[in-house]
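Written out below as structure tokens is the structure these notes cover.
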Protein chains: 4
Amino acid sequence: MYSFNNDYSEGAHPRILEAITRTNLDQNSGYGTDGHCTRAREMIRREIGREDADVHFIVGGTQTNLITIGAALKPWQAVICVAQGHINVHETGAIEATGHKVLAMPGRDGKLTPDDIIQALDHHTDEHMVQPKMVYISNSTEIGTQYSKAELEAISSLCLSKNLYLFLDGARLGSALTSPVNDLTIKDIAALTDVFYIGGTKAGALFGEALIISNPDLKPDFRFMMKQRGALLAKGWLLGIQFEELFTDNLYYDLASHANSMAEILRKGIIDCGYSFYSASLTNQLFPIFPDDVIEKLEKEFVFSIQEKRADGHSAIRLVTSWATREDACRHFLSILKNCSL
Amino acid sequence: MYSFNNDYSEGAHPRILEAITRTNLDQNSGYGTDGHCTRAREMIRREIGREDADVHFIVGGTQTNLITIGAALKPWQAVICVAQGHINVHETGAIEATGHKVLAMPGRDGKLTPDDIIQALDHHTDEHMVQPKMVYISNSTEIGTQYSKAELEAISSLCLSKNLYLFLDGARLGSALTSPVNDLTIKDIAALTDVFYIGGTKAGALFGEALIISNPDLKPDFRFMMKQRGALLAKGWLLGIQFEELFTDNLYYDLASHANSMAEILRKGIIDCGYSFYSASLTNQLFPIFPDDVIEKLEKEFVFSIQEKRADGHSAIRLVTSWATREDACRHFLSILKNCSL
Amino acid sequence: MYSFNNDYSEGAHPRILEAITRTNLDQNSGYGTDGHCTRAREMIRREIGREDADVHFIVGGTQTNLITIGAALKPWQAVICVAQGHINVHETGAIEATGHKVLAMPGRDGKLTPDDIIQALDHHTDEHMVQPKMVYISNSTEIGTQYSKAELEAISSLCLSKNLYLFLDGARLGSALTSPVNDLTIKDIAALTDVFYIGGTKAGALFGEALIISNPDLKPDFRFMMKQRGALLAKGWLLGIQFEELFTDNLYYDLASHANSMAEILRKGIIDCGYSFYSASLTNQLFPIFPDDVIEKLEKEFVFSIQEKRADGHSAIRLVTSWATREDACRHFLSILKNCSL
Amino acid sequence: MYSFNNDYSEGAHPRILEAITRTNLDQNSGYGTDGHCTRAREMIRREIGREDADVHFIVGGTQTNLITIGAALKPWQAVICVAQGHINVHETGAIEATGHKVLAMPGRDGKLTPDDIIQALDHHTDEHMVQPKMVYISNSTEIGTQYSKAELEAISSLCLSKNLYLFLDGARLGSALTSPVNDLTIKDIAALTDVFYIGGTKAGALFGEALIISNPDLKPDFRFMMKQRGALLAKGWLLGIQFEELFTDNLYYDLASHANSMAEILRKGIIDCGYSFYSASLTNQLFPIFPDDVIEKLEKEFVFSIQEKRADGHSAIRLVTSWATREDACRHFLSILKNCSL
């Protein structure tokens with residue numbers, strides 16, 4: 001069985017493991033106050049073109065989301081996101097557990113639109129309702145789509161004019177930035193958001209997200225919030241080392257490109273077989289729609305999840321590639337698909 | 001200016017004020033441990049036919065909702081309600097501030113349906129999502145509609161089979177129970193829910209809601225939760241006295257009937273003028289749709305709120321009657337409306 | 001049985017009930033947006049000499065404390081108070097339920113000292129510990145003592161220099177301000193704190209506390225927090241009317257003076273009988289120490305609570321007088337005491 | 001500079017890194033549902049003699065504490081611990097951030113006593129106060145002391161009789177269990193507590209704590225709480241692998257023994273030099289009291305923290321050894337100390 005179930009089924013890129021092993025017996029100070037974290041922060045600041053940004057390393061995405069949103073909002077404030085947003089659906093109410101309402105808007109193609117934001121503001125007008133104060137988006141999105149530069153600029157300038165923080169969840173940012181249709185740079189992301197993160201977990205690290213805070217209002221005392229939520233990793237240098245490696249010799253982008261290339265092989269092969277997709281993804285998540293009997297055959301050799309069952313005997317499945325996906329596995333998937341479709 | 005803006009624009013029925021004044025210098029023990037509260041609890045238990053129920057008196061509705069839901073749910077559990085539900089829209093995220101997600105479902109005519117509940121359960125299947133554990137409904141609803149006995153039974157039995165608590169917000173329960181189309185008794189309400197409340201604030205009291213807990217799982221230590229959220233009124237007997245009066249000589253139902261009668265006068269007059277309604281309410285909230293120029297004229301003499309502006313030059317307004325509404329004010333409203341419509 | 005159990009055993013001063021009754025059928029807008037609240041706010045601003053202050057009316061003290069502290073602090077911040085502080089002991093963890101640690105310090109005579117504050121700061125130095133950000137004191141205190149002007153100035157200037165908010169719980173402020181040894185004015189209180197409140201519940205109102213926010217940092221969006229915690233009373237004018245009356249013709253101070261006078265009668269009589277006190281109170285709470293057999297006899301005719309049982313067969317009890325305490329009851333208490341002591 | 005600052009200054013025991021590297025490209029299912037976690041759970045159940053226990057792997061200790069306590073308590077319930085307890089002092093209010101008060105008791109030698117628990121219960125008697133429901137202890141404690149079997153049995157049976165959960169923080173459990181004066185087995189720990197954890201971070205793992213839930217009341221839906229607080233590690237098998245190694249061939253105990261041996265070398269040498277200790281630790285944390293000028297000299301070659309400055313020109317410092325501590329470093333420390341003391 002080969003798994004296309006997600007992009008965190010394997011460990012880390014060998015360079016990362018080697019770096020951890022090489023430095024294993026060095027003594028470091030704890031909680032991210034070590035030299036590796038310092039260097040990784042500098043590398044990231046250079047990469048994103050923001051010498052003034054604060055950079056924090058956090059083990060996982062849900063933790064990063066709840067800490068960032070929980071630290072930014074006053075008790076009565078809310079965060080706007082698209083209905084499929086990770087914080088709205090797949091984090092067991094982590095944001096509500098910090099006391100804040102998630103205002104879920106319909107969006108388009110998995111992306112939040114300026115109209116969504118305006119509508120949320122128009123419906124929350126007085127103290128009997130929550131006060132929208134932050135916008136949360138993911139790039140790439142939960143269904144593999146991605147924001148264009150124009151789209152992100154429109155959201156960013158709306159947030160600025162409405163005094164809303166813009167927070168971009170970059171768990172799969174690498175895949176978005178290396179997609180063939182991307183026109184955003186990581187510097188654009190940093191310039192257009194108040195806070196965002198570069199996901200490591202799904203990009204070749206063992207674990208870890210690099211949170212980048214550009215807005216000075218969000219910086220003070222952030223490590224207090226991290227510690228309170230159990231997110232100051234004792235051996236914090238493990239996070240620093242991983243991001244040092246990812247931002248040395250372009251590794252972060254190369255690994256994301258590999259994931260996209262593998263997805264592209266699958267995508268083209270699926271189109272060749274005559275199938276269509278649930279979403280227009282050119283990143284590392286694909287949502288092809290297959291007949292249920294084809295899915296049953298594929299499930300004998302591959303692991304993947306069902307995105308949506310349809311009444312017509314078809315279902316959309318979710319295939320995810322990663323930095324570790326093997327080309328031969330993609331080819332094998334397509335050959336089985338081709339046989340099913342004969 | 002006469003106000004149809006809500007059903008809490010005046011003080012209390014005179015009998016209530018008289019009772020408070022008459023007993024003013026009696027010494028009572030605090031926090032609801034007094035004789036008035038004890039008697040009021042007994043009267044309510046008799047009225048609802050549940051000698052085993054716990055009865056607590058709380059100053060307001062938002063407090064009652066957040067305490068009841070916050071006490072019932074474990075941190076990862078969520079409450080299902082209709083999208084317009086008071087807890088979803090008009091309580092400034094009070095439920096989320098206790099840490100719990102509100103799962104808003106579309107509903108029909110302002111009411112939650114068994115299908116809504118099933119859909120919510122179907123979409124929350126594992127530990128990456130919140131766990132639905134309670135259903136919250138209001139009777140009458142935010143748009144003046146009301147549950148039939150069959151509808152409430154269907155929801156109740158579904159909740160029972162799915163191990164969900166059923167919580168009924170009765171801020172306007174009197175108006176629902178005395179509506180001409182109602183086929184529910186207060187005993188039915190008590191029998192079909194795990195916890196519900198009888199609203200006093202909108203029913204002739206100065207303030208106060210009587211919360212009735214039937215499900216033994218929800219009873220232990222409830223007063224701890226009340227105190228923690230600032231809801232043990234020091235001079236708790238003020239609540240007891242008010243409910244003693246409301247449940248003496250049918251006052252609670254008579255006052256609700258009056259509110260419904262006044263609404264019925266308005267409703268018939270509005271229909272006579274040829275207008276239609278945003279919702280099929282036969283309770284004390286009406287949502288007629290008028291041309292905007294008619295609304296402007298009415299606003300010169302009456303206070304009310306706009307429910308929904310439409311693109312076609314019409315708007316739905318909200319008219320609310322109460323135990324204190326004067327018939328001459330209703331007649332005057334209709335005469336102005338008639339003039340506008342000539 | 002006559003109760004010295006607390007200062008909220010009776011209803012309201014008759015003038016207050018009369019005002020509520022007189023205006024009962026007037027229509028008012030809800031949630032504190034009415035004319036009575038507006039006038040009461042103006043009267044209070046004038047009284048405290050702060051035209052710039054925000055004034056909010058809240059039903060009870062626990063609610064006022066949790067809303068004020070919860071709105072002021074960031075998630076990782078804590079409030080310093082004396083160990084016996086109401087928020088530390090008698091509010092069922094209401095502050096912790098908003099997510100904040102209460103840092104309890106030993107104090108002296110029931111009062112927090114600058115040394116307590118400095119010690120709390122010295123022990124909280126980095127992000128592994130909570131960040132003290134607010135100081136909470138009560139005047140009069142839980143054991144009836146009160147702050148001198150010099151003491152309050154010392155705390156206030158320390159808070160200013162350490163960037164801490166100073167919050168004064170004035171549930172029994174009237175009793176402190178009318179005590180024979182008091183040298184503080186209400187204007188001093190307003191000038192020396194960031195936020196404080198004037199208690200109505202224990203001072204002749206049916207219920208209600210007037211919260212006064214002087215520090216502009218604490219003002220924005222405060223009504224959102226009130227609504228979220230269920231503290232925007234629907235018929236908010238009931239609070240406004242009560243404070244209008246309390247601040248007309250000196251009623252607030254006269255009622256507090258009466259309570260203090262009754263306590264003074266008790267205090268002198270107890271001293272005459274040769275007993276001593278647990279605390280040096282000259283306000284409306286007294287803590288005499290009696291032999292247990294004397295207490296047993298007193299308990300046959302009076303209600304009061306035991307503050308502290310001692311191993312030597314004596315206990316400190318708590319006697320509380322109020323605006324409604326009858327002089328004959330005090331005299332009767334003393335005559336029984338005298339008989340016990342013969 | 002050599003660090004005795006803590007027991008998490010180095011990476012992981014080489015066997016652990018080798019296991020992670022060896023399996024790096026294996027595909028695993030996420031979030032702890034993989035085979036490594038399954039095997040590690042079984043090994044731990046066997047080790048502790050509780051086939052019925054639930055075992056969860058969590059990245060860090062603060063997270064483990066807040067999730068366990070937050071999941072166990074109802075909103076108004078509190079946890080009792082000793083004043084120096086990690087949750088009371090060093091977790092930035094993490095427990096309060098879940099809404100629960102920490103009741104800090106004086107303890108003796110850093111350990112909670114049955115008297116502390118009884119006192120906490122005696123002072124919390126009604127709904128105006130929090131309800132103690134859990135006892136939290138650490139073994140070894142924050143000052144290196146440890147519970148004897150008799151002490152743990154006394155606490156355990158008191159908790160049972162008072163209906164309190166007993167939770168043991170085992171961040172440094174290995175050091176306690178391999179201390180020369182220890183008379184507890186890990187089976188005893190499992191039998192006498194409702195929930196406890198075996199710390200990996202300070203015991204040779206890169207990170208990770210194994211939480212063991214014996215009490216069936218605490219088991220249901222625990223993974224929901226983990227996910228909500230961001231504690232379901234995506235690549236969860238990394239935790240499983242580490243505990244598989246730790247519980248293979250006695251590694252966990254051997255590493256803890258090494259840490260204790262190194263501490264014993266330091267302890268004996270310090271005694272030989274004529275110094276005394278702040279606490280009677282026979283585990284891997286030592287708190288010798290040195291003259292400040294000696295400390296200054298030691299600080300030139302070693303990193304450690306100051307536990308307590310004294311007025312007499314002496315301070316207690318904190319020396320921590322670990323699985324990775326080198327004997328030559330201990331010898332060198334002692335030789336410098338000896339020179340200082342000449």
Is D/Ile20 close to chain A through its backbone or its side chain, or both, or neither, when contacts mean heavy atoms under 4.5 Å? both
Is it the backbone or the side chain of D/Leu66 that comes under 4.5 Å from a heavy atom of chain A, or both, or neither? side chain
Counting heavy-atom pairs closer than 4.5 Å to chain A, which one of [options] comes out on top?
options	answer
D/Met1, D/Gln63, D/Glu18, D/Gln228	D/Gln228
D/Ala231, D/Ser3, D/Gly70, D/Pro14	D/Ser3
D/Gln27, D/Lys227, D/Arg229, D/Glu96	D/Gln27

With under 30° as parallel and over 60° as perpendicular, where do the rings of A/Tyr31 and D/Tyr8 fit, or are they tilted in between? perpendicular
Against chain D, label [X] side chain, backbone, both or neither, depending on which of its atoms sit under 4.5 Å from a heavy atom there.
X	value
A/Leu25	both
A/Met225	neither
A/Ala205	backbone

Can you tell which of [options] has the highest number of heavy-atom pairs within less than 4.5 Å of chain D?
options	result
A/Leu233, A/Asn5, A/Leu206	A/Leu206
A/His90, A/Lys202, A/Glu91	A/Glu91
A/Gly61, A/Ala324, A/Ala94, A/Gly30	A/Ala94

Neighbour count >12 (heavy atoms, 6.0 Å) for atom NZ, A/Lys219: yes
When the ring centroid of [X] is compared with that of [Y], is the distance short of 6.0 Å?
X	Y	answer
A/Phe196	A/Phe167	no
A/His332	A/Phe302	yes
A/Phe4	A/Phe304	no

Heavy-atom check, side chain of D/Phe207 versus side chain of D/Gln242, under 4.5 Å: yes
Please find the pair of heavy atoms, one from A/Cys330 and one from A/Ile265, that lie closest to each other, and give the distance. CB-CG2, 4.1 Å
Polar side chain donor-acceptor pair, D/Ser9 to D/Asn6, under 3.5 angstrom: yes
